[in-house]
Each structure stands twice: as C-alpha cells, then as structure tokens.
Asks: 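Sharing a structure with you now.
Lettering of chains follows the sequences in order, A, B, ..., and the numbering in each one begins at 1.
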Protein chains: 2
Amino acid sequence: MRRTPVGRQTRARGIPEATVARLPLYLRALTALSERSVPTVSSEELAAAAGVNSAKLRKDFSYLGSYGTRGVGYDVEYLVYQISRELGLTQDWPVVIVGIGNLGHALANYGGFASRGFRVAALLDADPTVVGSSAAGLPVRHMDELEAIVESQHVSIGVITTPPGAAQQVCDRLVEAGVTSILNFAPTVLTVPDGVDVRKVDLSIELQILAFHEQRKAGEEPDQGRSGEESVLDRAPGPVRAAAAKLRRAAGAAKDIKDIKAEKVENDSERPAVMPA
Amino acid sequence: MRRTPVGRQTRARGIPEATVARLPLYLRALTALSERSVPTVSSEELAAAAGVNSAKLRKDFSYLGSYGTRGVGYDVEYLVYQISRELGLTQDWPVVIVGIGNLGHALANYGGFASRGFRVAALLDADPTVVGSSAAGLPVRHMDELEAIVESQHVSIGVITTPPGAAQQVCDRLVEAGVTSILNFAPTVLTVPDGVDVRKVDLSIELQILAFHEQRKAGEEPDQGRSGEESVLDRAPGPVRAAAAKLRRAAGAAKDIKDIKAEKVENDSERPAVMPA
DNA sequence: CCATCTTTGTGCACACGTTCACAAACGCAT
DNA sequence: ATGCGTTTGTGAACGTGTGCACAAAGATGG
Ligand SMILES: NC(=O)c1ccc[n+]([C@@H]2O[C@H](COP(=O)([O-])OP(=O)(O)OC[C@H]3O[C@@H](n4cnc5c(N)ncnc54)[C@H](O)[C@@H]3O)[C@@H](O)[C@H]2O)c1
Ligand SMILES: NC(=O)c1ccc[n+]([C@@H]2O[C@H](COP(=O)([O-])OP(=O)(O)OC[C@H]3O[C@@H](n4cnc5c(N)ncnc54)[C@H](O)[C@@H]3O)[C@@H](O)[C@H]2O)c1
C-alpha cells in the first residue's frame, strides 16, 4: 500500500510541500478580505498581505488550477472555497488533545482552533487529579477512554502536550487507536509507522535559531573572528587534527589520559566542554 | 550595513539555514547522551536519535568543522560544547513575553525555557487587571515599562502572545525599543525593518497541513478522482476558462449578472463559494 | 472591432537542500 | 609496522524551491 515512486514523500497530486505550507497563509489573508467584502484581489496585493512574493503566490495557485482572471486578479470568495477544499477544510476534523497541563489548557481554550473545521473531540489525561476537571467547557477524560473516543468519533488527528517522557508512549497509543496525524508539542523525536504524519511545534528550537542569528548580528562589525573561540587545530589537515581529536576524547571522557603524548600539539586554548544543559 | 551579495539572506559564515534549524535537534540528542555519560557516538546512532539521516548529519557537522574521529565517531561532550557555542547558547539570552493570557501563562511556566540559556527578563501586558498579578513567580509588568526593561537588561529577543489585532503594534514597539529577534505566536504576518528576525509558531497552520495530508490519505484507494469536486472547465484552455472565471466573479460578488451570456458554458456543478470562515 | 493597459500563468535559470557512495583517516590487533 | 574493519568527510548527482521576465489573456474604452 501507498507506493511512492522513489523519494521519501513525493509530492501528492502535484502540489509541492512548500506550497501546501503556504496555502493556510493565503487562506487567512483571503478570509480577512472576504470579511471586508473585497470582491477581487491581485496577486501583488494578496502576496503583500500574506508576506510572500507575488511570483511565488501565482506559481502556488497555478498548482491548484487556473483560478485567476488576467487583467483583474482572483475572485476572493471563490479562492477561499478552492483553497479550503484543497486543504480539506470543507469537512470537519475532530481532534483529541492528550496531556491537559499548562499548554493543553491553553490549547483547549484557544478559539481559533475550532474556527476552521477543527473540533476538539476530547481532552485526555492520565493523572487522576486532572481527570474529571474541565477546561474550556469540556470535561477531561481518562486515557482509558481514548480508543473508544477515537473510534466512535472518527478522530484522525491527535495533539500531544504531555511531558517529553510520555510522548512516545502516548503517540504509540494514538496510532494504535487509529490516529494517523499527530501534532507534537513535546520536545521529543517521535517514531511512527509509515502512513502516519507527524508535525512538531518546538518553542525551544525556534528560540535557539533566533539566538544563532542574534549572535551573528552582534559579532558582525567588530574585527572579524572573535579570537580564542575556535582552535586552529580543527581546520588543519593531516595528523594534527587527529591529535586534537584524541585530546578531546580524552578530556571529554576524563579517562585514559595516560596515552596522550601531546605529539605536535602545543596550543590548547579549548575549554573542556561540559556546558550548561 | 549588512550587505548581502545577491540573494535575500545568503548563508551566514557558510552555515546553511537548514543546518542551523537542525542543530538544536542534535544538541538535544547529545545532551541526553551526555547525561547517560556516553563518551562517543557515531553519526549513525546520533542521526537515529535525532530523527534524520546520517549523511545529512555528517554534512551538517562538516559545516562546523571536523569534530569527529574516523573509525570512532564524535566526542559527545565536545560536540555539545561546539554546537552550543555555534548557536550562541554559551551566553545568556534575556527574553520578554508580551501578552500574558492563556498562552503567555503557559510559556512563563515552561521550565524547558530557562534550561538552555533563555531567561525570562519580564512578563508584560497592557490590561490593568492582569498587570500586578504574577505568573511562575514573576510579576506581570505594564507595557509602559517595556522600553526601560529592554534597555536595562539588554533584551534582544521578544515573544508575542497577544491577540492578533495587537501583534503588529506590539512588534513595532519591541523593535523601537531595541529588540531584534521576535518569536510570534499570533496568527499575523508581521512587518519588520531589515535586520530584525521574525519566526512564527502557528498551531492553525500546522493543523491545516495535517488536514491536507489526511484528506489525501482518505481519498487515495477509492476510484481515482472524487467526482464533482473539480469542474472540468478549470483545466480547460482557451475561452472556456475565461467564461468560467466570469461566472465565478459574478456569482461570488453577486452583482452584474446581466452580462453573463453563458457562452459555451454548460456544466455548472460548482458550488458558489461562501465557505465557513 | 481595435488599441491599450493590466495582470495572470509559466518557461527558464539558478540557488538551495538532500542523498549516494567512496576514498581517506583512524583505531586496533597482530 | 602492517593489515583490517570502521566511520568520517565530501564530491557529485539529483531533487526541490525561488524569482525573473515575458508572452498571452482578458478588461476596458473608444
Ligand atoms: N508550557 C509551554 O509553554 C511549553 C512550551 C513548549 C513546549 N512545551 C512542552 O509541552 C508539553 C506540555 O507542557 P506543559 O507545560 O503543559 O506540561 P504540564 O506538566 O503542565 O502538563 C503535562 C500534562 O500531561 C499529563 N500526562 C503526563 N503523562 C501522561 C500520559 N502518559 N498520558 C496522558 N497524559 C499525561 C500530565 O498529567 C499533565 O497534565 C511538555 O512536553 C513541554 O515540554 C510546553
Ligand atoms: N491559546 C493557544 O493555545 C493559542 C494557540 C495558537 C495561537 N494562539 C495565539 O496566541 C495569542 C494569545 O492567545 P491566548 O489564548 O493567550 O489569548 P488571551 O486573550 O488569553 O491573551 C492575550 C493577552 O494579551 C494581552 N494584550 C492584548 N493586547 C495587548 C497589547 N496591545 N499589549 C500587550 N498585551 C496585550 C491581553 O491583556 C491578554 O492578557 C493569540 O494571538 C492567539 O491567536 C494561541
């Protein structure tokens, strides 16, 4: 089942993944226009509203079909419908949220959640002290009920907001129950069988990416290359690098210092790691 | 300032953006190994732990330098240090969170936040009934204090968790105060001056992408192409498409029905849009 | 019906990202 | 030392994504 030609996940029905990821953005902008009763919009205007370049937007739409009119633009209502249909938003998607702690509560209360076809079918938790309480008007049910809920309500999307340690186990259980799409908020790499999609939302990763660029900005104008940060050894070819590597391993693991003969190595300005976790 | 050769954002110091985005993933896996006192790890093992393919991991690391030892693998502690340094995590990054509602509270309480060099410098809100309360042991301060806090604590990263309507305004104010990196949770396209980085976390978009693939899975085995879903007109070339477009515009905007002459158009199985927002 | 103006849809070139596959480097045993 | 098994680091091929630039389509006005 589900033979894919060669790549890992070839584009489905010709719509590139990058385009799919932008469709919700366009849809949001179009919905805003629709609410203002704007009848048509040009690719230039819509692109500006969605924060992309207009050529990209036109190419994205071209994968859906030719829905524009040259010299005029796109019909807002019609595009809203076409994109909604393409994304599968003309139907209702029941979701379960597992792990009703800080984040689970926030998600349960999130209005924008239900606004576009996603309906919270159930809130689930393993902790008996949490089960029975309610969030956003919905009761928190016990994990034991998961299978019955997924089956009876035809839930195919699950959201995981448990601590990282429980995420894989919860994921397995969701998949076993029949869920085939998972949105994971726990900082864990989930392993799933073929045919199940996982997407993650990871605050920590986003912040670290920002920090990387931030650091870059800071160390830009000053004299190039802050000194002492990188050993010259590491870019050097030949046996010098090998000696440096040996040094590192010995220092890092703090054992077998005996057979380090320092060979040609002199400069040792490296800090021995063990950084703040 | 900040001249980039030709592209929008050429790779900084040779590290591709895609690689930067994976470094936090590697770091997380390495930290776990470090806690188990594993001294060295092969690219194959580490790649499995991080959920990527080993060739990609090796190439990623090659951008940082040659930190491995052939026949052995990578020294865990040393790599943790190198990646931390590359991401700028050897220094402390104070952040402000603006908009302490459901989500802001959850973030403030999030432990994994502070664990890697990110310190919550302040919680801010505009609502007088929220200001003065406390979340996760920190007091919620009024927006008026933003500029003073950013300056005195050298905050360069801001997190926006306000309603969408306030996001751009809050963003402008953060930038004006000196913040140069923004993590946005509001479903809004933020406009910022050059030199400011914005990353977004958008639950709604993630769910919609999942729905797209979910729909694909559902409509896969059944006889190809669910009928009645797409008008044959829209893939047709020539004047037929034009007539269809005219029909759509007229139907969508509900005006100027007079000059639709139906020309060659017969089949009109399309629903006239106006979908659930 | 023609001229003119606007805006789409897309071919093309290039940049970026991924994966393969293998030589070179290294540890270790003999 | 030498040989053997292991694993890195990277060149090269391939796939995906982006953006330019323009012909063709359609609107509009005379
Ligand atoms: N709070 C945030 O802002 C934030 C930000 C980023 C990531 N995260 C991640 O999101 C997850 C949840 O964060 P949180 O702050 O809400 O944590 P939390 O501890 O407040 O809530 C976790 C909930 O999961 C439940 N749970 C534990 N094991 C379970 C199991 N096996 N089955 C079902 N439920 C189980 C607990 O009873 C608890 O109610 C964590 O993985 C965290 O790292 C949180
Ligand atoms: N709650 C979620 O799970 C969730 C999920 C995805 C996205 N979001 C988005 O995150 C944002 C916050 O969601 P929430 O549920 O926490 O909303 P919320 O209404 O609970 O909280 C918003 C907070 O922002 C404050 N605020 C409003 N205007 C402000 C301004 N100009 N300056 C400073 N503070 C201001 C309000 O006083 C309030 O405390 C929203 O944009 C929402 O769409 C939330």
Asks: Rounded to the Å, how far apart are K56(B) NZ and dG15(D) P?
Replies: 16 Å
Asks: Distance check needed: dT7(D) P versus L79(B) CG, whole Å only.
Replies: 16 Å
Asks: For DNA chain D, whose closest nucleotide is more 5', that of E44(B) or that of N53(A)?
Replies: E44(B)
Asks: For a quick check, tell me whether the side chain of R70(A) and the base of dT8(C) share a donor-acceptor pair closer than 3.5 Å.
Replies: yes
Asks: Using whole Å, report how far CZ of F61(B) lies from P of dT18(C).
Replies: 14 Å
Asks: What's the CG-P distance between L57(A) and dG9(C), to the nearest Å?
Replies: 10 Å
Asks: Can a donor-acceptor pair under 3.5 Å be found between the side-chain atoms of K59(A) and the base atoms of dG19(D)?
Replies: yes
Asks: Could you tell me if the ring centre of F61(A) sits under 6.0 Å from that of Y67(A)?
Replies: no
Asks: Please report the shortest heavy-atom distance between Q215(B) and G88(A), naming the atom on each side.
Replies: OE1-CA, 3.1 Å
Asks: Which part of the nucleic acid does A18(A) contact within heavy-atom distance under 4.0 Å: base, sugar-phosphate only, or nothing?
Replies: sugar-phosphate
Asks: Where the side chain of R58(A) is concerned, which of dC26(C), dG9(D), dT10(C) is the nearest nucleotide?
Replies: dT10(C)
Asks: Is Q168(A) reaching over with its side chain to a backbone N or O of T191(A), donor-acceptor style, under 3.5 angstrom?
Replies: yes
Asks: Rounded to the nearest angstrom, tell me the gap between atom CZ in R22(A) and atom P in dT16(D).
Replies: 15 Å
Asks: Kindly say if Y74(B) contacts the phosphate of dG9(D), meaning a side-chain N or O under 4.0 Å from OP1 or OP2.
Replies: yes
Asks: How long is the line joining CG of L23(A) and P of dG17(D), in whole Å?
Replies: 13 Å
Asks: Find the distance between OH (Y74(A)) and CG (L46(A)) and round it off to the nearest 0.5 Å.
Replies: 8.5 Å
Asks: Report the nucleotide, chosen from dT7(C), dA27(D), dG9(D), that has the shortest atom-to-atom distance to any side-chain atom of T69(A).
Replies: dA27(D)
Asks: Just N and O in the side chain of S42(A): are any of them under 4.0 Å from OP1 or OP2 of dT7(C)?
Replies: no
Asks: Under 4.0 Å: is that the gap between some side-chain N or O of Y63(B) and OP1 or OP2 of dC16(C)?
Replies: no
Asks: We want to know whether E35(A) and T31(A) form a side-chain donor-acceptor pair, criterion being a heavy-atom distance below 3.5 angstrom.
Replies: no
Asks: Starting at atom CD of E17(A), determine the distance to atom P of dT18(C), rounded to an integer number of angstrom.
Replies: 13 Å
Asks: Round to the nearest Å and state the distance from D75(A) atom CG to dA27(D) atom P.
Replies: 13 Å
Asks: With a cut-off of less than 4.0 Å, is there a side-chain N or O of S43(A) near OP1 or OP2 of dT8(C)?
Replies: yes
